[in-house]
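This is a predicted model, so every value here is computed, not measured.
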Amino acid sequence: MGQQIAIRSDKARELVDKLSERHGKSITAVIEAALMEMDARDEATRDAEIAERRVRWRAAIEHDQAILREANVNFNIEDMYDEDGLPC
């Protein structure tokens with residue numbers, strides 16, 4: 001048997017008992033299912049936030065690139081390094 005946890009909340013106990021009876025599952029199964037569902041929602045939210053951040057960054061980069069193109073600014077990766085190959 002793995003590590004055990006103790007939940008000292010009357011409300012949590014009432015809810016887990018009610019759900020356990022309603023779904024015909026053990027208390028452990030109900031708690032595991034609830035935690036997995038919460039974890040999945042957190043992961044989905046995190047993934048959506050990362051995707052949204054990427055969209056904003058890409059839009060900002062494309063905006064800056066458009067400004068540089070309009071100004072005919074030429075930039076090469078070599079411009080970032082000195083004659084010894086060190087970053088400027």
Side-chain angles (χ1 to χ4, degrees):
M1 179 184 268
Q3 292 182 343
Q4 295 184 349
I5 60 172
I7 301 172
R8 295 175 181 90
S9 164
D10 291 338
K11 180 163 181 100
R13 183 60 193 219
E14 288 172 20
L15 284 168
V16 76
D17 284 342
K18 179 171 73 173
L19 290 168
S20 174
E21 187 174 319
R22 182 184 298 158
H23 293 275
K25 296 182 178 180
S26 69
I27 289 172
T28 300
V30 169
I31 292 172
E32 284 177 349
L35 292 173
M36 288 188 304
E37 182 179 319
M38 181 181 268
D39 183 50
R41 279 195 317 264
D42 287 352
E43 289 290 328
T45 298
R46 184 179 147 270
D47 292 347
E49 289 170 353
I50 290 170
E52 182 180 322
R53 211 173 311 139
R54 283 185 183 143
V55 167
R56 286 195 312 266
W57 273 100
R58 177 148 298 165
I61 290 168
E62 288 172 356
H63 174 262
D64 292 347
Q65 286 174 332
I67 290 171
L68 292 172
R69 273 193 300 275
E70 287 176 17
N72 282 331
V73 174
N74 291 320
F75 177 80
N76 295 315
I77 193 73
E78 292 83 16
D79 295 336
M80 296 178 63
Y81 300 94
D82 65 15
E83 61 277 354
D84 297 320
L86 299 173
C88 296

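The salt bridge (Lys or Arg N to Asp or Glu O under 4.0 Å) contacts involving residues 25-37 comprise E37-R41, where partners must be two or more places apart or lie in separate chains.
Counting heavy atoms of neighbouring residues, nucleotides and ligands inside a 6.0 Å radius, atom CG of D10 does not exceed 12 of them. Within a 6.0 Å radius of CD in E21, other residues, nucleotides and ligands contribute 12 heavy atoms or fewer.
In this structure, the side chain of D82 engages the main chain of D84 through a donor-acceptor pair within 3.5 Å. Within the 3.5 Å criterion, the main-chain N or O of E14 finds no donor-acceptor partner in the side chain of D17.
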Scan the side chains in residues 46-57 for donor-acceptor partners under 3.5 Å anywhere in the protein, sequence neighbours excluded, and list what turns up.
unit_1: R46; atom_1: NH1; unit_2: E43; atom_2: OE1; d: 3.4
unit_1: E52; atom_1: OE2; unit_2: R56; atom_2: NH1; d: 2.9

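S26 approaches S20 most closely through the heavy-atom pair C-OG, 3.8 Å. Between D79 and C88 the shortest heavy-atom distance is O-SG, 4.0 Å. Residue R69 comes nearest to E62 through the heavy atom pair NH2-O, 4.5 Å, listed as atom of the first residue, atom of the second, then distance.
In terms of hydrophobic clustering, with Ile, Leu, Val, Met, Phe, Trp and Tyr side chains grouped at heavy-atom distances under 4.5 Å, I5 and L19 are assigned to a common cluster. One hydrophobic cluster holds both L35 and V16 under the rule that ILVMFWY side chains link at heavy-atom gaps under 4.5 Å.
Here CG of L15 is found 10.5 Å from CD1 of I31. Values are rounded to the nearest 0.5 Å.
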